[in-house]
Amino acid sequence: MTKTLVTVTLWALGGWLLGAWLGAATGWAVFALGLLVMVLVSGVQLSRISRWVLRIDDPPPASIGPWDEVLAPVYRKLKQNRTDLQERSRNFQRALLAAEALPDGALMLAPDKTLLWCNQTAAEHLGLNLQQDRGHSIFNIIRTPEFGAYAGQESWDKPLTLHWGGSRQPRTLMLHLAPYGAGQFLMVTRDITQIERLENTRKDFVANVSHEMRTPLTVLSGFIETLQDLPEEAISAEQRRHYLQLMAQQASNMQALVSDLLTLSSLETKPNQVGEAVDVPALIQAALTQGRALSAGQHHFKTQTCETLQVRGHEAELSSAISNLISNAVRYTPPEGTITVVWQRDDDGRASFQVQDTGIGVEATHIPRLTERFFRVDRGRSRATGGTGLGLAITKHVALRHQATLNIDSTLGKGSVFTIRFPAERVIETGDTPDYRSRSSMDTPASTETL
Ligand code: ADP
């Protein structure tokens, strides 16, 4: 404005001086010419400005006289706004990326609870397709009465546990709604399927242990009461001996159960290291001695063990797995049956421990469940022979801790074959040539025959 006033004043002064010298008409003409020049220059500059407005991101045209004062601050403000916008957009992208990286699902809902946005985890949890489901009401997306009642509340102190996905992909989700911003809602989803499964397993386990303990305890307390209540002369020495024998049997069942539970717990808590070289043939011999004692000469035993074959592992764990398989073979094989134990190096470099029996066998449908804790095909038979229902669960656990596999083949009424195969990396040969010992015996380990 000042510049314009100065220019007009200069033209007026010029016109007045010339008017005083050359006459008023000339003075007015010069003044009018000056104004015309000013108007033309302004017109040209206005057209440059209107062209610049179309490309507003470019700097404004240079040297445009009085317009500089107007355009420079406008352009500075524009540049500042552009920088702010870029910074905000970067922050928004960062927030979105962080929300995507969340281990939990996150959904943003509008005040009318329609879906605005969700991260990939939430889309996976609820089977959503953001492109298609955006703008749809959450009540149409999660159509269950529990969710309807939960989301319809005024406030949400506690999360909702929802069974979701039907029979195709059943999941248990934990959903938590929270209001935020201007009447919007944030919903967090967490997949707790695994946690729920573990919790159920834990509950089942506690129920099973209590059940297993209750039976021998009931029998024991029953006998104790009988012996306490009856007068001395009412029971014969023979009867007393019989009762005490039954009580001892129940006490030993409980001892076996506690011992197996401790073994399982230590398998679950101990760190899994590679371990030392273990003399497996010696462990097999010790387990066979126990097996023969259990058999009391009623079974034929055949063995073929490679005396130079060892594995790197945990001696106590391997001993427990080997004894479990051998004692099971004795317990589930009728008298006169044959139990064959093999320890050998396979062609692929692995080492196999195999126990084969000609016993009662297992129906094919039960085989996958044999290694479950407390699973028994015939509870009565297992208990009668001192079984805890944990032997194969322990064996499977031991195999897994040694990166070995436990394979079970069985035919009902014909017999079973249990094989633990150790990976080649764990196998150690202690001699230059493998030394195989074969032995076959009915009741004494001394009588030896070739397999
Ligand atoms: P248990 O103490 O009952 O023997 P295990 O875990 O060792 O528990 O075995 C689970 C079940 O598997 C047994 O109850 C039995 O039904 C079956 N089983 C195990 N070994 C044999 C076998 N050699 N022959 C037939 N059935 C077997």
Side-chain angles (χ1 to χ4, degrees), residues 201 204-205 207-209 211-216 249-268 284 287-288 290-295 298-303 317-342 352-401 404-420:
T201 312
D204 287 352
F205 185 67
N208 274 324
V209 170
H211 181 75
E212 294 292 329
M213 287 286 196
R214 204 168 44 217
T215 314
Q249 174 66 43
Q250 296 303 329
S252 116
N253 281 357
M254 275 206 300
Q255 253 170 352
L257 179 63
V258 171
S259 152
D260 277 359
L261 285 171
L262 288 175
T263 308
L264 256 186
S265 133
S266 93
L267 286 175
E268 275 167 358
I284 295 174
L288 277 168
Q290 287 169 9
R292 286 192 180 95
L294 190 64
S295 156
Q298 298 183 71
H299 300 91
H300 297 277
F301 282 88
K302 287 183 182 175
T303 61
E317 293 178 17
L318 291 173
S319 161
S320 147
I322 290 168
S323 326
N324 275 331
L325 293 187
I326 293 179
S327 76
N328 275 359
V330 175
R331 289 166 48 228
Y332 298 107
T333 302
E336 293 305 319
T338 302
I339 291 152
T340 309
V341 177
V342 176
S352 313
F353 171 70
Q354 189 171 78
V355 180
Q356 182 170 9
D357 64 55
T358 55
I360 58 173
V362 180
E363 220 177 289
T365 50
H366 293 314
I367 294 178
R369 298 201 58 196
L370 292 187
T371 53
E372 280 176 25
R373 292 165 185 194
F374 296 113
F375 178 84
R376 288 125 151 172
V377 176
D378 177 349
R379 190 172 283 263
R381 181 174 184 132
S382 159
R383 281 238 180 85
T385 53
T388 59
L390 294 174
L392 287 181
I394 291 174
T395 307
K396 175 82 183 265
H397 225 306
V398 170
L400 284 177
R401 276 168 66 85
T405 53
L406 170 66
N407 194 57
I408 307 174
D409 276 325
S410 191
T411 312
L412 190 63
K414 292 226 162 104
S416 314
V417 187
F418 290 78
T419 313
I420 304 180

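Ligands are counted one by one from 1 in listed order, and the atoms in each one are counted from 1 as well. Since the structure is predicted, the reported quantities are computational estimates derived from the model, not experimental observations.
Nearest protein neighbour of atom 13 (C) of ligand 1, counting heavy atoms only, is Tyr332 OH, 3.3 Å. Nearest protein heavy-atom neighbour of atom 26 (N) of ligand 1: Val362 CG2, 3.3 Å. Summary of contacts: the protein heavy atom closest to atom 7 (O) of ligand 1 is Asn328 ND2, 2.8 Å. For atom 16 (O) of ligand 1, the closest non-hydrogen atom on the protein side is Val377 N, 3.0 Å. When hydrogens are left out, the protein atom nearest atom 3 (O) of ligand 1 is Ser382 OG, 2.5 Å; that is the closest non-hydrogen contact. The nearest protein atom to atom 11 (C) of ligand 1, hydrogens excluded, is given as Phe375 O, 3.6 Å; this is a heavy-atom distance. Atom 12 (O) of ligand 1 has its closest protein heavy atom at Leu370 CD2, 3.4 Å.
Geometrically, ligand 1 and Leu392 share a nitrogen or oxygen pair separated by less than 3.5 Å. Considering backbone and side-chain N/O atoms, Gly389 comes within less than 3.5 Å of an N/O atom of ligand 1. Considering backbone and side-chain N/O of Ile360, none are found under 3.5 Å from N/O of ligand 1.
Within ligand 1, the atoms closer than 4.0 Å to a non-hydrogen atom of Thr388 are 2 (O), numbered from 1 in the order shown. Interface of Leu390 with ligand 1, defined as ligand atoms under 4.0 Å from a residue heavy atom, comprises 6 (O), 8 (O). Atoms of ligand 1 found under 4.0 Å from any heavy atom of Ser416, numbered from 1 in the order shown, are 24 (N), 25 (C). Those atoms of ligand 1 with a heavy atom of Arg331 less than 4.0 angstrom away are 1 (P), 2 (O), 4 (O). Close contacts of ligand 1 with Gly387, meaning ligand atoms under 4.0 Å from a residue heavy atom, involve 2 (O).
The two atoms that bring Gly291 and Ile326 nearest to each other are CA-CG2, 4.2 Å, heavy atoms only. The minimum heavy-atom distance linking Gln298 with Pro335 is given by the pair OE1-CG, 3.2 Å. Between Leu264 and Arg373, the shortest heavy-atom distance links the atoms CD1-NE, 3.8 Å. Contact between Ser382 and Arg331 at its shortest, heavy atoms only, is O-NH2, 3.6 Å.
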Phe353/Leu318 under side-chain contact (heavy atoms from CB on, under 4.5 Å): CA gap, chis, key distance, verdict
CA-CA 11 Å; Phe353 171 70; Leu318 291 173; over 6 Å; no
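Between the side chain of Thr333 and the backbone N or O of Val330, no donor-acceptor pair lies under 3.5 Å. Judged by distance alone, with hydrogens and angles left aside, the side-chain atoms of Arg376 form a donor-acceptor pair with the main-chain N or O of Thr388 at under 3.5 Å. Checked by atom type and distance alone, the side chain of Thr338 never pairs as donor or acceptor with a backbone atom of His300 at under 3.5 Å. For the pair Asp357 (side chain) and Ile339 (backbone), a donor-acceptor distance under 3.5 Å is absent.
Side chains of Gln249 and Asn253: a donor on one and an acceptor on the other come within 3.5 Å.
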Return a table of donor-acceptor pairs under 3.5 angstrom between the side chains of residues 391-400 and protein atoms on other chains or two or more places apart.
| unit_1 | atom_1 | unit_2 | atom_2 | d |
| --- | --- | --- | --- | --- |
| Thr395 | OG1 | Gly391 | O | 2.8 |

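The side-chain contact (heavy atoms from CB on, under 4.5 Å) test applied to Glu372 returns Arg369, Phe375, not counting sequence neighbours.
For the pair Gly359 and ligand 1, no heavy-atom separation below 4.0 Å is found. Residue Arg381 places every heavy atom at 4.0 Å or more from ligand 1.
The proximity of His366 to ligand 1, defined as any non-hydrogen pair under 4.0 Å, does not occur for either the backbone or the side chain. Residue-level proximity to ligand 1 for Asp357 is carried by the side chain, the only part with a heavy atom below 4.0 angstrom.
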